[in-house]
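What follows is one structure encoded as structure tokens, with my remarks underneath.
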2 protein chains.
Amino acid sequence: MFVQSAATIRKNSRPPGVDSTVSDTLLIAGCPQLVGSRMTYAQDEEIYGDGEEAEFVYKVVAGAVRTYKLLSDGRRQIGAFHLPGDIFGFESNSTHRLSAEAISDTTVLVFSRRALECLATHSIEIARALWALAARSLDHAEDHMLLLGRKTAAERVAAFLLEMDERMQSTGAIRLPMTRRDIGDYLGLTLETVSRALSHLKAEGTLELPTARQITVQRRSKLRTLGSEDAFPRALSCC
Amino acid sequence: MFVQSAATIRKNSRPPGVDSTVSDTLLIAGCPQLVGSRMTYAQDEEIYGDGEEAEFVYKVVAGAVRTYKLLSDGRRQIGAFHLPGDIFGFESNSTHRLSAEAISDTTVLVFSRRALECLATHSIEIARALWALAARSLDHAEDHMLLLGRKTAAERVAAFLLEMDERMQSTGAIRLPMTRRDIGDYLGLTLETVSRALSHLKAEGTLELPTARQITVQRRSKLRTLGSEDAFPRALSCC
DNA sequence: CGTTAATTTGACGGGAATCAAGGGGAGTGG
DNA sequence: CCACTCCCCTTGATTCCCGTCAAATTAACG
């Protein structure tokens, strides 16, 4: 598995040496010692596989990534979409717990996990930033469990649109990189159900669909009442 | 909210002062500086609420705890059950993202989050242990998303039984602290569906139900084929 | 022993999955 | 520029798993 990771890393760099440049000194956690190697992946190309050695950490520069788990019969659960600026693939264990694929042609910065951990050993701020990173993933997972376990199809789709709108800072004009199947596998639905929910929202006038991948939100309030019920803090209602 | 947390801490200790003893020097992450205060909660008592200040971290000594999120109409998703030995309530943010309640009468050790973080600042090992803690929660959440999004009722119940059997090291003789409703809210099902699934497994001879809360596994292999499909590593099938 | 909550079981209905065509857009090649 | 193709998406028809509603049974507890 170690070998496979190493192969993956080299596969897509046109010259055999990775084009690591100081120019894209985009740093994880604002730490100047760590410069990532730029890598590109074609649409649907695997970035890493479930069970592989977690040798690298990734930061999306352009494109989009899905991380997912599979059952043996092909059922898939996408745990998260990773958009430009997002860091993914950072594990506490030595191996990846999900697989990662490029949704569209994607550019990432690749960092050595070992180097990161080493830095964290010397800097409390880095250690804390990494731990905050894991915690953010956990927060998202907890919200998503509520969605998967307890929300209706309409609520899931509305929540998805709100999430994407916010994360892409596309104020109302969402440009989706993923297919309906991807969305379904993220929301625990079939692609048909996702499509129907979108059509319904369109018919209601809540949104417009200039193209299938382009969604403009007309009435955000309507989406909010459906999807954005992010767990009502008990504290607010009782004190 | 700060006030509420402080009140909670004092509420259940029969003498006004908490009985913090050196005797139960059960330490988080094996660190002798930190001694927790022993606290008890009655069945169904709230330990903390969603949105409250995350002032304390908890370790279960006896009993069981559920952490969950609610929708405004009462739908509930239990994110995890916490059994003796488990640590919960540790957040990266300043506030709790879920609520916590005692499932049965429960004893916990309470630690100051601030003290823990302070320790982590001075000790890399502690910092790493805390981050491993968060990562374990994340792993569980990722597995659980697959269950909630993609598994059938029978598969969910089988997976639940296997999880409990393993975590309680009750080799085949599971003593459940939680109700069918709790199980349902954990698995994204109704209590009736959980009950039916259990009855079905009983009729098959896969398990016995001496009482509703006591389950003895007769054929673990049967449960495994149903539930324990914990995401097939792509790596195993392709290299 | 009575009261209440938890669980089981049955009957039924509905929401989403499945099965199945039918469009529509983007890219390709003529 | 247009025809062709492929894939994605939409929409319809039908199925079915699980949720809902309801009642009976069992367990828990004072």
Side-chain angles (χ1 to χ4, degrees), chain A residues 42-44 64 66 71 73-77 103-105 147-161 174-204 207-215 226, chain B residues 42-44 64 66 71 73-77 103-105 147-161 174-204 207-215 226:
Chain A
Q43 184 167 33
D44 296 328
R66 56 181 172 249
L71 294 175
D73 62 2
R75 281 174 288 175
R76 182 179 66 160
Q77 180 61 47
I103 292 174
S104 53
D105 292 352
L147 179 148
L148 293 171
R150 288 302 179 210
K151 290 189 180 177
T152 66
E155 289 169 339
R156 295 179 200 206
V157 171
F160 168 75
L161 291 173
I174 309 169
R175 176 95 189 75
L176 296 174
M178 72 286 286
T179 66
R180 297 289 188 263
R181 178 178 297 278
D182 286 333
I183 299 172
D185 285 350
Y186 178 61
L187 299 178
L189 301 170
T190 60
L191 63 94
E192 292 96 328
T193 300
V194 172
S195 179
R196 272 186 253 270
L198 289 172
S199 296
H200 182 72
L201 289 170
K202 179 185 172 187
E204 276 184 344
L207 42 86
E208 282 175 4
L209 291 160
T211 76
R213 302 288 184 96
Q214 228 163 352
I215 298 178
L226 269 176
Chain B
Q43 185 168 33
D44 296 328
R66 56 181 173 250
L71 294 175
D73 61 1
R75 281 174 289 174
R76 182 178 66 159
Q77 179 61 46
I103 292 174
S104 53
D105 291 353
L147 180 147
L148 292 171
R150 288 303 179 208
K151 290 189 179 177
T152 65
E155 290 168 339
R156 294 179 201 206
V157 171
F160 168 75
L161 292 173
I174 308 169
R175 177 94 189 74
L176 295 175
M178 72 287 285
T179 66
R180 298 288 188 263
R181 179 178 296 279
D182 286 333
I183 299 171
D185 285 350
Y186 177 61
L187 299 178
L189 301 170
T190 60
L191 62 94
E192 293 96 328
T193 300
V194 172
S195 179
R196 271 186 254 270
L198 289 172
S199 297
H200 182 74
L201 289 170
K202 179 185 171 188
E204 274 185 347
L207 40 89
E208 281 175 6
L209 291 161
T211 78
R213 301 289 184 96
Q214 227 163 351
I215 298 178
L226 269 176

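Heavy-atom basis, side chains included; hydrogens, waters and symmetry copies ignored.
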Atom CZ of R196(A) and atom C1' of dG15(C) are separated, to the nearest Å, by 11 Å

Separation of dG19(D) atom P from R156(B) atom CZ, nearest Å, is 8 Å

In whole angstroms, the gap separating P of dC8(D) from CG of D182(A) amounts to 9 Å

Does T193(A) make a side-chain N or O approach to OP1 or OP2 of dA17(C) shorter than 4.0 Å? yes

Per nearest nucleotide of DNA chain D, the residue lying toward the 5' end, D44(A) or T152(B), is D44(A)

Angle separating the five-pair end axes of the helix from dC1(C)-dG30(D) to dG30(C)-dC1(D), nearest 10°, is 40°

Atom NZ of K202(B) and atom P of dT9(C) are separated, to the nearest Å, by 6 Å

To the nearest angstrom, the CD-P distance between E192(B) and dG19(D) comes to 8 Å

M178(A) CE to dC9(D) P, in whole Å, measures 11 Å

By nearest-heavy-atom nucleotide on DNA chain C, the more 5' of T190(A) and L209(B) is L209(B)

Residue pair L191(A)/A212(B) against DNA chain D: nearer the 5' end by closest nucleotide is L191(A)

Rounded to whole Å, CD of Q43(B) lies from P of dA27(D) at a distance of 18 Å

